[in-house]
Amino acid sequence: MSKSLPSRADNYSEWYNELVKRADLAENSAVRGCMIIKPYGYSIWEKMQRALDDMFKETGHSNAYFPLFIPKSFLSKEASHVEGFAKECAVVTHYRLKNDPNGGGVIVDPDAKLEEELIVRPTSETVIWSSYKNWIQSYRDLPLLINQWANVVRWEMRTRLFLRTAEFLWQEGHTAHATKQEAIEETEQMLEVYAEFAETFMAMPVLKGIKTANERFAGADETYCIEAMMQDGKALQAGTSHFLGQNFAKAFDVKFVNKENQLDYVWGTSWGVSTRLVGALIMAHSDDQGLVLPPKLAPIQVVIVPIYKGDEQLENIKARINPLVKALKKRGVSVKFDFTDNQSPGFKFAEYELKGVPIRLAIGNRDMENGTIELARRDTREKTSMPFEGIEDVIVDTLEDIQRNIYQKAFDFRAANTFEVNSWDEFTAKIEDGGFLSAHWDGSSETEEKIKELTKATIRCIPLDAKEEAGKCILTGAPSSRRVIFARAY
RNA sequence: CGGGGUGUAGCGUAGCCCGGUAUCGCGCUUGGUUUGGGACCAAGAGGUCGUAGGUUCGAAUCCUGCCACCCCGACCA
């Protein structure tokens with residue numbers, strides 16, 4: 001194994017794949033397309049979960065759990081929903097194995113065929129709405145605000161660790177409301193929650209917008225999304241929030257009596273983010289030395305590496321460092337004091353850089369004599385010798401500064417790679433370099449398809465803050481009233 | 001599903017054309033010396049050469065089937 005990563009400039013996707021493996025985040029499993037999330041990778045996901053879960057609770061949602069299996073008949077109740085997912089479903093057909101009479105292990109017992117096949121959930125709208133039918137009778141039962149943390153399976157042709165896997169972990173919120181207005185507000189609120197999470201915790205600026213009809217969730221009336229820009233200029237959909245209208249209520253016959261004693265279908269939303277966010281996090285900030293993690297999501301925020309000769313020096317260093325570790329933990333900073341002697345300090349430096357630990361402190365005999373400590377920050381890779389006295393405050397401030405700095409860096413990168421284009425020539429030339437292209441579009445699915453076919457660029461979203469502006473579609477020249485964002489996407 | 005490629009120790013590989021029981025590096029174990037940017041020395045352990053069959057005195061090597069994976073395309077909320 002060579003010591004350094006492939007560089008982003010040489011081969012971005014190889015850099016990504018290698019980084020995921022080397023940083024010990026995840027690996028491929030024996031099952032095609034399914035990944036094993038290793039402890040370090042999982043701890044990042046856990047940090048994400050905790051922050052998101054708090055935000056969901058804060059906005060009034062409760063967690064629940066629905067089954068992994070969906071009766072086949074459920075899936076077909078909402079026509080466009082089944083159409084959207086049918087091609088990528090894993091199906092359970094039998095419930096028993098038996099010994100192979102010809103030897104050679106076990107075989108599926110043909111006598112154990114299920115009456116009705118079960119689909120491994122690709123998303124849970126259908127099971128959940130079939131329960132909501134029983135849960136909702138009156139406007140007093142509404143709104144119903146449920147979230148679940150679960151795994152889902154979508155049999156993708158081509159997979160990549162975290163970004164697109166056949167099985168992935170996610171949360172899916174499913175809410176029911178008495179009015180259309182309230183459901184739309186919920187959809188928008190959750191988009192806002194996602195955007196805030198992405199920007200404050202992941203330090204990743206996102207574009208909020210609405211999907212075109214082509215890109216809309218199967219079964220939704222409107223799909224809202226947050227789109228982020230990766231360092232290669234490609235777009236990544238980081239989260240979606242769907243206004244389901246009354247589609248699932250009608251498909252599953254979920255009615256309620258309103259205040260005026262009239263029977264009506266409820267209005268629904270669903271919204272989700274997945275382990276894909278871990279992939280987004282990696283691609284948004286990391287560099288050729290390895291991961292760069294935002295302090296708010298880093299499993300280890302500070303690592304302390306002692307440099308010593310002999311037990312006596314180590315004991316002296318421990319005596320100085322242990323109180324610092326204690327004090328930092330008390331302030332909510334996660335610290336690792338790595339005094340193992342299996343590896344040289346140089347090895348540890350490289351290792352913790354690869355793993356994206358935001359701050360590294362090094363302390364050796366020289367520092368012990370001078371009353372100093374060396375602080376290295378991962379984002380800028382700057383090393384500074386500092387007085388040991390007062391280092392605790394410096395660390396806390398620096399963590400905040402790193403969080404700010406990597407957000408700003410990502411923000412500036414996106415700004416530098418977002419362009420307004422006004423002609424087809426300009427569009428086709430510019431799209432080759434990646435980035436977001438803000439351009440006019442005539443609003444038709446045919447044009448959108450055509451552009452995708454010609455350039456591989458898709459409409460990522462119609463930004464929520466898009467200004468009214470008269471213009472001409474870059475492909476057809478037909479009139480348009482606002483710009484949309486095009487990009488090549490993951 | 002089309003086109004191309006690859007399967008050899010935990011990982012990365014040499015050997016294959018031209019058949020003689022497998023090379024090197026990393027990692028691992030033990031001991032010692034080291035430690036301010038991926039330490040060094042010594043001694044070790046570790047292999048159904050993807051799989052099934054065929055050719056042969058003899059197969060990692062040649063032939064055939066199968067399987068898996070990777071890349072390109074198709075596909076992808």
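Below, all heavy atoms of this structure are taken into account, side chains as well, without hydrogens, waters or symmetry copies. So you know, we letter chains A, B, ... as the sequences are listed, proteins then strands, and number each from 1.
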*P spacing across the pair B/rA9 / B/rU23, given as an integer number of angstrom*: 13 Å
*Starting at CG of A/N342 and ending at C1' of B/rG38, how long is that distance when rounded to a whole Å?*
14 Å
*side-chain hydrogen bond (donor to acceptor under 3.5 Å, both in side chains) pairs, two or more places apart, involving residues 312-321 of chain A*: none
*Determine the interatomic distance between C1' on B/rC26 and the same-named atom on B/rA14; round to the nearest Å.*
15 Å
*For RNA chain B, which ranges pair as stems of 3 or more consecutive Watson-Crick or G-U pairs, with both donor-acceptor distances under 3.5 Å?*
B:1-7 with B:67-73, B:10-12 with B:24-26, B:28-33 with B:39-44, B:50-54 with B:62-66
*Ring centres of A/W271 and A/F56 under 6.0 Å apart?*
yes
_Minimum-distance nucleotide to A/R366 side chain [options: B/rG36, B/rA39, B/rU35]_ = B/rG36
*Report yes or no: do A/T269 and A/T175 form a side-chain donor-acceptor pair below 3.5 Å?*
yes
*Pairwise ring pair (Phe, Tyr, Trp, His ring centres under 6.0 Å) hits with a residue in residues 336-381 of chain A, at least two apart*: A/F337-A/F339
*What residues, two or more places apart in sequence or in another chain, satisfy salt bridge (Lys or Arg N to Asp or Glu O under 4.0 Å) together with A/E27?*
A/K38
Show the distances under 3.5 angstrom between N or O atoms of the protein and N or O atoms of nucleotides 73-77 of chain B.
unit_1 : atom_1 : unit_2 : atom_2 : d
B/rC76 : O2'    : A/E156 : OE1    : 3.2
B/rC76 : O2     : A/R164 : NE     : 3.2
B/rC76 : O2     : A/R164 : NH1    : 3.1
B/rC76 : O2     : A/R164 : NH2    : 3.2
B/rA77 : O2'    : A/R154 : NH1    : 3.4
B/rA77 : N7     : A/R216 : O      : 2.8
B/rA77 : N1     : A/G84  : O      : 3.3

_Rounded at 0.5 Å granularity, tell me how far CG in A/L5 sits from CZ in A/R22._
5.0 Å
*Using a 4.0 Å heavy-atom cut-off across all strands, classify A/K383 as base, sugar-phosphate, or nothing.*
base
*For A/S344 and B/rA39, is the shortest distance between a side-chain N/O and OP1 or OP2 below 4.0 Å?*
yes
*Identify the two heavy atoms, one from A/P295 and one from A/Q301, that lie closest to each other, and give their separation to 0.1 Å.*
O-NE2, 2.9 Å
*Using a cut-off of 4.0 Å on non-hydrogen atoms, how would the nucleic acid contact of A/N28 be classed: base, sugar-phosphate, or nothing?*
nothing
*Rounded to whole angstroms, how far apart are CD on A/E382 and P on B/rG37?*
18 Å
*Can you tell me, in whole Å, how much space there is between the C1' of B/rU29 and that of B/rA45?*
7 Å
*Which comes earlier along RNA chain B counting from the 5' end, the contact point of A/K309 or that of A/K348, where each point is its nearest nucleotide?*
A/K309
*Using atom C1' of each nucleotide, how far apart are B/rG47 and B/rA22 to the nearest Å?*
9 Å
Distance-only donor-acceptor hits, side chain of residues 353-360 of chain A, under 3.5 Å, sequence neighbours excluded:
unit_1 : atom_1 : unit_2 : atom_2 : d
A/E353 : OE1    : A/R381 : NH2    : 2.9
A/E353 : OE2    : A/R360 : NH1    : 3.1

*When you check the gap from the basic side-chain N to the acidic O, do A/D287 and A/R378 get nearer than 4.0 Å?*
yes
